[in-house]
2 protein chains.
Amino acid sequence: MITIKDVAKLANVSEGTVDRVLHNRGGVSLKTEKLIKEILKKHNYTVNPIARALSIKNKFSLYTLMPNHDKTNLFWKSPLLGVLKASQEVRAYGVEVTNYTFDQFKPSSYLNEFKTLIKSKPHAVLIAPTFIKETKEIVNELEKLDIPYAFLNIDLEGFKNILFVGQNSYAAGYVAGKLMHLSCPDQSSILVIQTRININNYYAFSKRIEGFNDYFTKNDIKVNIINLNFDNLKDLKEVGKNLNSLLKKEKSIKGVFVPSSRISIIVNCIDEPLMNNLNLIGFDNTEPNIKCLQENKVSFLISQKPFDQGYESIHLMTDFLIKNKTPIKKIYSPIDILTKENVIYNERDKSMFESDSI
Amino acid sequence: MITIKDVAKLANVSEGTVDRVLHNRGGVSLKTEKLIKEILKKHNYTVNPIARALSIKNKFSLYTLMPNHDKTNLFWKSPLLGVLKASQEVRAYGVEVTNYTFDQFKPSSYLNEFKTLIKSKPHAVLIAPTFIKETKEIVNELEKLDIPYAFLNIDLEGFKNILFVGQNSYAAGYVAGKLMHLSCPDQSSILVIQTRININNYYAFSKRIEGFNDYFTKNDIKVNIINLNFDNLKDLKEVGKNLNSLLKKEKSIKGVFVPSSRISIIVNCIDEPLMNNLNLIGFDNTEPNIKCLQENKVSFLISQKPFDQGYESIHLMTDFLIKNKTPIKKIYSPIDILTKENVIYNERDKSMFESDSI
DNA sequence: TATATTTTCGTGTTCGCACACGTAGAATTT
DNA sequence: AAATTCTACGTGTGCGAACACGAAAATATA
């Protein structure tokens, strides 16, 4: 591994000159520049990222803004864990990550947290743009201040975010359609359950449903899709009543598709006897969802490596900050198909935490 | 982030003393040691891994030994790419990775390459233990020289390897069984094709078949499983003749399971008209296999993130070398279910190569 | 008490890179 | 010809940790 010093010696100049060429900071005559560049190429010099990181004194601040999580709302735990893990790793590179969370059902909370956050004048921001209208306002402010921003998990279009990390919702829904088709006999009815509790990032859910439906139409498969909306998932008794009576009435329903991470809640509303001939497909590997898989209550979960989403975002943003390297604009997460049999091999948040690998 | 210098100032000692305490190298009086330890804990000091890496002069050599790849044999390309990518990253940490490959059909090649490799007295070795007998010999030598070793992709039991990174073959086969069950109507016959060309790491393949069969027996599903062996996959015409005549004769065959990465070769042997009502399931996301998926010739591929296997092994071994950190003994790769619809989102070898992220 | 031996600790250098600062000599202006 | 920029480069310092060397302090031995 050749160093700047070595190059300098070879070119008969000082290290400073080589450095100037490397960062084309000017002040080098054309011929020495050419000579140095040749030597660099010949020995294919690469910076020692370690030394570089050590010597950079600039400290960067990176702020994240995503929904919080609690018992009933576990999805956002994973991205946060990924972010935290990556934060440890990039700290030594002079990047300080600070996390803000908001109530995902309150646009005002989203906006308020942002307003607090922005006071610290961050060098970059990573947000889960849960509400469209408020995101516009936020982005406006960011662009005014010339602060680069990236989107996590939710892929809003029409913004100048430098990066999106998350799943292609349409494709994920399409895969769900295929799995549903595989699980259900022909001519079945399929129930698609939306929960208005998520009117917020409605966009992703409707894309999933669009993909789901398209699978059947594009492949010319005849099914009867029944849409069901619940305004309030908190009132589980009410939900259960409606759901069970519908299932009793429509015996042709063989599949239930829940395009959100809340399938475990739905499962708990359905009477045991009705579950027997039902194939349920949902999203996301939250703990209760995984439990449903393992107890044979859910056939498939579509997952998206949320931990990795958080983890990778931070690393890519760090690269952007310390190397001025613009990332690929969209990083699509895998569309993982989880079953009872493979779910335990899918993710390992914990082991990643034990090993503070490089 | 508190530094050694800071701690030294707080304790009224020099940096050297703090360093001695940190590495308990002795030569520090009990009371100063106690004082320093208290300060370390109070400000919860953590080493700056960057600075540490820079100052460590020890160079470690890490050797890998895995099968080579060519057009007909693509599987081992991915782990190698992962290894190469990780090698770049750990180089700055003073770990030099050198790769040796062998002909996966020649035990002698395996052994010979090892014998060349071992002459360099590596600090650690990562091998894909393709042949059991020869592996015993190799391990013997390694243990005599006190060189730690890890297994990549193939999980041989009864050895003192510090690490295994790869898939649980039994579980992967079990998942394949489930998918086959989903795809085929009840009472079908299912063809399981083994290729003796792989008698070598036969172990993994037989585990996959065991898992596959167990899925049906444990779930009380009646199928008729037909086993077929081909001694020589090179003579494709011969293979095609046998295969096609069997398929023509046994109309009940609705599924074909190939527990190796060679399903694309099998696909190319089957006559188009016979493909129609056939569900094929194979292993590994090699380029030809992916093509088969996309052309609707194969229903599912079970994959195992081979790139990541290589990538992670190197990082874990590096941790082991430079931090004396013994990794978790077995790192199981995900059992990815690939379909036409989700395959493009599954892996991104290339993008990982573009971004030389930290 | 004087000398020898440990124990305990400070100093200085090194790793590779980034960057502020300084300066010799060339080029230009007056 | 003197005074002034400019150009092109060298020097020095710092980042945080590791470690070798050796000095001072503490203890042991005579």
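Note that the structure is a prediction, hence the values are computed from the model and not measured.
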Worked check of side-chain contact (heavy atoms from CB on, under 4.5 Å) between A:F164 and A:N153:
CA-CA 7 Å; A:F164 160 72; A:N153 191 274; 5.5 Å; no
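- Atom C1' of nucleotide D:dC15 and atom CD1 of A:I50 are separated by 13 Å, given to the nearest angstrom.
- Candidate nucleotides D:dA17, C:dA18, C:dG16 were compared by shortest atom distance to the side chain of A:N48, and C:dG16 ranks first.
- Atom NZ of B:K9 and atom P of C:dT11 are 13 Å apart (whole Å).
- Using a 4.0 Å cut-off, some side-chain N or O of B:Y45 falls inside it from OP1 or OP2 of D:dA17.
- B:T135 and B:Y110 form a side-chain donor-acceptor contact under 3.5 Å, judged by distance and modelled atom types alone.
- Heavy atoms from other residues, nucleotides or ligands lying under 6.0 Å from NZ of B:K330 number more than 12.
- Among the heavy atoms of the strands lying under 4.0 Å from B:N12 are primed sugar atoms or P, OP1, OP2 only; no base atom is included.
- Between B:E33 atom CD and C:dT7 atom P the separation is 15 Å, expressed in whole Å.
- For the OP1/OP2 pair of D:dA8 and a distance below 4.0 Å, the side-chain nitrogens and oxygens of A:T17 include no atom meeting the criterion.
- A:S333 and A:Q167 form no side-chain donor-acceptor contact under 3.5 Å, judged by distance and modelled atom types alone.
- Looking at the side chain of B:H23, the nearest of the listed nucleotides D:dA18, D:dG10, C:dC17 is D:dA18.
- Put simply, B:T32 has no side-chain N or O that comes within less than 4.0 Å of OP1 or OP2 on C:dT8.
- Rounded to a whole Å, the CG atom of B:L22 is 12 Å from the C1' atom of D:dG16.
- Atom pair B:N24:CG and D:dA18:C1' shows a separation of 15 Å (rounding to whole Å applied).
- Inspection of the B:T318 and B:Y93 side chains reveals no N or O donor paired with an N or O acceptor under 3.5 Å.
- Under 4.0 angstrom from either OP1 or OP2 of D:dC9 there lies at least one side-chain N or O belonging to A:S29.
- Out of D:dC19, C:dC17, D:dC9, the shortest distance to the side chain of B:R25 is found at D:dC19.
- Distance B:L30 CG to C:dT6 C1': 16 Å, rounded to the nearest Å.
- Here C:dT11 is the nucleotide among C:dC17, D:dC15, C:dT11 with the atom lying nearest to any side-chain atom of B:S14.
- Picking from C:dC17, D:dA17, D:dC15 the nucleotide with the shortest atom distance to the side chain of A:L54 gives D:dC15.
- Rounded to a whole Å, the NZ atom of A:K31 is 12 Å from the P atom of C:dA26.
- Nearest to the side chain of A:K5, among C:dC15, C:dA18, D:dA17, sits C:dC15.
- Ranked by how close their nearest DNA chain C nucleotide is to the 5' end, A:R20 and A:E15 are led by A:E15.
- Within a 6.0 Å sphere centred on NZ of B:K329, heavy atoms belonging to other residues, nucleotides or ligands number more than 12.
- In this structure, A:R52 reaches the C:dA18 phosphate: one of its side-chain N or O atoms is under 4.0 Å from OP1 or OP2.
- If you take OH of A:Y93 and C1' of C:dC17, they are 13 Å apart, rounded to a whole angstrom.
- Using a 4.0 Å heavy-atom cutoff across all strands shown, B:D19 reaches at least one base atom of the nucleic acid.
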